[in-house]
Amino acid sequence: ANATSAMTRSGMRWAKQQLPMAAGIAQGQNYITATHNGGFKILIGLVGDRAALAADPTGYTNSFAAFAAQLATAGADAIEVWNEPNIDREWPSGSISPSAYTDLLRQAYGAIKGSNPNTLVISGAPAPTGYFGGCSANGCDDNQFVAGMAAAGAANYMDCLGLHYNEGV
């Protein structure tokens, strides 16, 4: 209640909640309902399971897109598709690729917009890093990852580009 009051006083109109797909649609619906009841729009950061994606890329991508569509139907105002897909903490090690991520984004975008055309689709924010010195299957600097997404046509499959700002990076 204190956070809601402070957010309202400060003029905020949106709240973000990360939702691991494994938490289920009921948890997503709870977040949507509570946030809307508080007077805010909600951005759900839908977090995928890198191990499941590695084990069955096609099947998991289809399941992920279908889950995102359920969130859109449930009333999510915006959905961020995945989290930090440029690092192996979030995306399967050895298969990090802006074009592979863009394919997942494409499928999720179609599913979301097919369920609720008013839900904004936001690309997964890459982790801000210059650690990798470029882009490889094991990790990708954020600037090169976004450039690779652009080259793969990602602008056609999002309403906004997700970015993370981490103080001190």
Side-chain angles (χ1 to χ4, degrees), residues 14-25 27-28 31-32 42-72 74 76-116 119-169:
W14 284 81
K16 178 181 179 183
Q17 180 67 54
Q18 279 198 330
L19 176 69
M21 190 172 140
I25 194 65
Q27 184 62 52
Y31 289 152
I32 293 165
I42 185 166
L43 159 59
I44 293 183
L46 182 54
V47 180
D49 180 333
R50 66 184 173 132
L53 180 62
D56 182 9
T58 301
Y60 189 76
T61 296
N62 292 338
S63 296
F64 184 89
F67 190 89
Q70 287 181 294
L71 288 172
D77 298 295
I79 298 171
E80 181 179 1
V81 177
W82 211 272
N83 181 58
E84 299 182 338
N86 64 318
I87 59 173
D88 64 2
R89 185 181 61 204
E90 300 287 342
W91 194 267
S93 182
S95 65
I96 294 171
S97 158
S99 61
Y101 171 72
T102 299
D103 186 54
L104 179 132
L105 179 64
R106 177 185 56 77
Q107 291 185 51
Y109 180 89
I112 292 165
K113 293 298 187 176
S115 293
N116 184 346
T119 300
L120 295 173
V121 177
I122 301 172
S123 68
T129 181
Y131 172 80
F132 299 102
C135 199
S136 73
N138 293 315
C140 192
D141 295 334
D142 55 327
N143 58 342
Q144 292 195 16
F145 193 81
V146 171
M149 286 173 54
N156 297 310
Y157 312 117
M158 67 172 122
D159 298 305
C160 300
L161 175 67
L163 296 174
H164 283 169
Y165 172 76
N166 296 341
E167 183 67 32
V169 174

Exercise. Taking the side chain as C-beta and beyond, is there a heavy-atom pair between Thr61 and Leu53 under 4.5 Å?
Worked result: yes
For this session: Go through Ile32 and Gln17 one step at a time and tell me if the side chain to side chain contact (heavy atoms under 4.5 Å, CB included) criterion holds.
Result: CA-CA 9 Å; Ile32 293 165; Gln17 180 67 54; over 6 Å; no
Seminar exercise, completed: Residue set satisfying salt bridge (Lys or Arg N to Asp or Glu O under 4.0 Å) with Asp103, at least two apart, ordered chain then number -> Arg106
Problem set entry | Spacing of CG belonging to Leu104 relative to CH2 belonging to Trp91, to within rounding of 0.5 Å | 5.0 Å
Exercise. Taking the side chain as C-beta and beyond, is there a heavy-atom pair between Ile25 and Leu71 under 4.5 Å?
Worked result: yes
Problem set entry | Atom of Ala65, atom of Ala111 and distance for their closest heavy-atom approach | O-CB, 3.3 Å
For this session: Nearest 0.5 Å please: distance from the CD atom of Gln144 over to the CG atom of Asn86.
Result: 11.0 Å
Exercise. What class does the angle between the rings of Phe64 and Trp82 fall in, given that below 30° is parallel, 30 to 60° is tilted and above 60° is perpendicular?
Worked result: tilted
For this session: Find the distance between OH (Tyr109) and OG1 (Thr119) and round it off to the nearest 0.5 Å.
Result: 11.0 Å
For this session: Look only at the side chain of Asn116 and the backbone of Ala72, and say whether a donor-acceptor pair between them is shorter than 3.5 Å.
Result: yes
Exercise. Of all heavy-atom pairs between Ala68 and Ile79, which one has the smallest distance, and what is that distance?
Worked result: O-CD1, 3.4 Å
Problem set entry | Euclidean distance, Leu105 CG relative to Glu80 CD, rounded to 0.5 Å | 10.5 Å
For this session: Give a yes or no on whether the backbone of Leu43 and the side-chain of Asp77 come within a donor-acceptor separation of less than 3.5 Å.
Result: no
Less than 3.5 Å apart, which donor and acceptor atoms pair up between the side chains of residues 145-162 and the rest of the protein, not counting sequence neighbours?
residue, atom, partner, partner atom, Å
Asn156, ND2, Gly153, O, 3.3
Asp159, OD2, Lys113, NZ, 2.8
Asp159, OD2, Val121, N, 2.9

For this session: Might you point out which heavy atoms bring Ala127 and Ile87 nearest each other, and give the distance in Å?
Result: CB-CD1, 3.8 Å
Exercise. What's the spacing between Ile44 CD1 and Gln18 CD if we round to 0.5 Å?
Worked result: 11.0 Å
Exercise. For Asp88, does its backbone N or O pair with a side-chain atom of Arg50 as donor and acceptor, under 3.5 Å?
Worked result: yes
Seminar exercise, completed: Heavy-atom closest pair (Trp14 atom, Leu120 atom, distance to 0.1 Å) is CH2-CD1, 4.2 Å
For this session: Can you see which heavy atom on Gly124 is nearest to which on Pro85, and at what distance?
Result: O-CD, 3.9 Å
Exercise. Does Asn138 use its side chain to pair, donor to acceptor, with the backbone of Ser93 at less than 3.5 Å?
Worked result: no
For this session: Please report the shortest heavy-atom distance between His164 and Pro128, naming the atom on each side.
Result: O-CG, 3.6 Å
For this session: Taking the side chain as every heavy atom from C-beta outward, state whether Ile96 and Ser136 have any pair of such atoms under 4.5 Å apart.
Result: no
For this session: Find out whether Leu19 and Phe67 are in side-chain contact, i.e. whether some heavy atom of one side chain is under 4.5 Å from a heavy atom of the other.
Result: yes
Problem set entry | Any donor-acceptor pair under 3.5 Å from Tyr60 side chain to Asp49 backbone | yes
